[in-house]
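Computed from a predicted structure; not experimentally measured. Atoms considered below: every heavy atom in the structure, side chains included; atoms not considered: hydrogens, waters and symmetry mates.
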Amino acid sequence: MTGDLAYRHLRLGTAPDSWGVWFPNDPKQVPWSTYLDEIRSAGYTHTELGPYGYLPTDPAILGDELARRDLVLTGGAVLAGLHRGVSALEQAKRDCDIEAATLKPLGARFLVLLPEGYSDLEGRLLGPDTLTDDEWARLTDGISALGAYLRQEYDLELVFHSHADSHVRTYDEITRFLRRTDTASVNLCLDTGHVAYYGGDNLRIIAEFPERIRYVHLKQIDREVLERERNETLGFAPAVRLGVMTEPPLGVPDMPPLLDALERLGRELFCIVEQDMYPCEPTKPLPIAQRTRQYFASLGLGNGRPAIATA
């Protein structure tokens with residue numbers, strides 16, 4: 001499926017991650033105003049919030065900054081270790097309350113839940129890389145409760161993001177997670193790169209859980225860098241610094257079949273370009289973003305403005 005507007009249900013966007021932004025404040029990162037200026041320059045009209053506190057959190061201020069650049073906010077993200085139990089769930093609710101105060105007034109509908117990782121920025125282990133059955137139960141029960149809370153209190157949709165160096169990363173772990181969580185309150189942010197990082201089949205996940213795919217992060221893996229990570233056991237963050245996430249169409253998974261499968265779901269989906277690059281030189285992201293935007297446009301994937309994203 002190629003050509004202008006070939007993907008009528010898919011809406012392209014980007015995120016601060018594609019500009020090397022992992023933290024609310026870090027001297028290695030570009031200023032938020034530069035990020036907003038450059039995503040508009042690259043041709044994007046949709047953005048995520050990124051790490052809370054990087055972009056302005058006052059919805060009036062952020063709304064003005066987005067509006068004058070003709071940008072729309074799609075959602076935000078919260079990090080949680082729900083396998084730890086009740087205290088972690090209560091902390092996640094508090095974090096989501098704070099984030100919802102920014103998202104809701106601006107019409108954003110999605111909150112991406114990132115699982116706590118087991119390695120640090122140097123790839124050192126912080127704890128076990130697998131969960132016990134009891135921890136799995138706390139994780140899945142906790143996120144189901146969190147999703148129900150967000151829907152009831154804020155009418156926000158919780159989408160879970162599998163992640164490298166976390167406890168939900170492989171195909172088997174992703175499917176176990178989906179089968180044990182409440183379909184009414186928890187769905188999936190399909191991150192194509194993080195799935196591919198562990199050899200997972202994105203197309204298989206879409207085929208087996210079509211109703212759970214509610215949000216997408218478009219990302220590709222450099223197979224040579226990934227092989228080095230495997231051989232040297234570097235960890236995710238060091239692999240990112242080596243360029244394990246690459247711009248399309250240079251890596252895997254192949255994008256056209258993936259976009260075709262997403263389009264066939266027949267629902268409006270945000271497809272957010274998220275190329276992990278922390279840290280990176282400040283002049284590096286914009287040319288990559290421009291090429292990436294042009295690549296997806298050549299396939300027929302445009303920005304669009306779905307009703308679910310507007311206030």
With sequence neighbours left out, write down each residue that passes salt bridge (Lys or Arg N to Asp or Glu O under 4.0 Å) with [X], or none if nothing qualifies.
X    : value
R230 : none
R179 : none
D134 : none

[atom2] on [Y] to [atom1] on [X], rounded to 0.5 Å:
X    : Y    : atom1 : atom2 : value
H83  : R138 : NE2   : CZ    : 8.0 Å
S33  : L55  : OG    : CG    : 10.0 Å
S144 : R180 : OG    : CZ    : 10.0 Å
R212 : T183 : CZ    : OG1   : 6.0 Å
R124 : S119 : CZ    : OG    : 10.0 Å
R264 : I206 : CZ    : CD1   : 8.5 Å

Can you tell me if R11 uses its side chain to pair, donor with acceptor, with the backbone of R8 under 3.5 Å?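 Flag set: sc R11 to bb R8 pair under 3.5 Å.
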Quick one: does [X]'s side chain get under 4.5 Å of [Y]'s, heavy atoms only?
X    : Y    : value
V72  : L66  : no
T246 : V225 : no
R151 : L158 : no
P16  : W32  : no
P285 : Q275 : no
D129 : R169 : yes
T292 : T14  : no

Residue list, side chain to side chain donor-acceptor pair (under 3.5 Å) with T140, at least two apart or on another chain: none
Who passes side chain to side chain donor-acceptor pair (under 3.5 Å) against S185, sequence neighbours left out? D182
May I ask you to check whether Y7 and F296 place their ring centers less than 6.0 Å from one another? no
Can you tell me how the ring of [X] sits relative to the ring of [Y], calling it parallel under 30°, perpendicular over 60° and tilted otherwise?
X    : Y    : value
F236 : H194 : tilted
H167 : Y118 : tilted
H217 : Y215 : perpendicular

Not counting sequence neighbours, list each pair that qualifies as a salt bridge (Lys or Arg N to Asp or Glu O under 4.0 Å) and has a residue in [range].
range            : result
residues 75-87   : R84-E116
residues 236-257 : E122-R241, E247-R291
residues 23-39   : D37-R69
residues 216-227 : D191-K219, K219-E274, K219-D276

Sequence neighbours excluded, which residues qualify as ring-ring contact (aromatic ring centres under 6.0 Å, His included) partners of Y52? none
Partner set under ring-ring contact (aromatic ring centres under 6.0 Å, His included) for Y44, not counting sequence neighbours: none
Qualifying residues under side-chain contact (heavy atoms from CB on, under 4.5 Å), relative to D58, sequence neighbours excluded: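 By the side-chain contact (heavy atoms from CB on, under 4.5 Å) rule, D58 matches A60, I61.
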So which atom in [X] and which in [Y] form the shortest heavy-atom distance, rounded to 0.1 Å?
X    : Y    : value
G142 : L82  : C-CD1, 3.9 Å
L10  : C271 : CB-SG, 4.0 Å
L269 : I213 : CD2-O, 3.5 Å
E135 : T130 : OE1-O, 4.2 Å
L156 : A100 : CD1-CB, 3.8 Å
C96  : L150 : CB-CD2, 3.6 Å

Examine the side chains of R94 and Q91 and answer whether a donor and an acceptor come within less than 3.5 Å of each other. yes
Just by distance, with hydrogens left out, do T47 and Y35 show a side-chain donor and acceptor under 3.5 Å apart? yes
Full working for salt bridge (charged side-chain N to carboxylate O under 4.0 Å, His left out) between D133 and R176: CA-CA 11 Å; D133 286 344; R176 181 181 185 181; 3.2 Å; yes
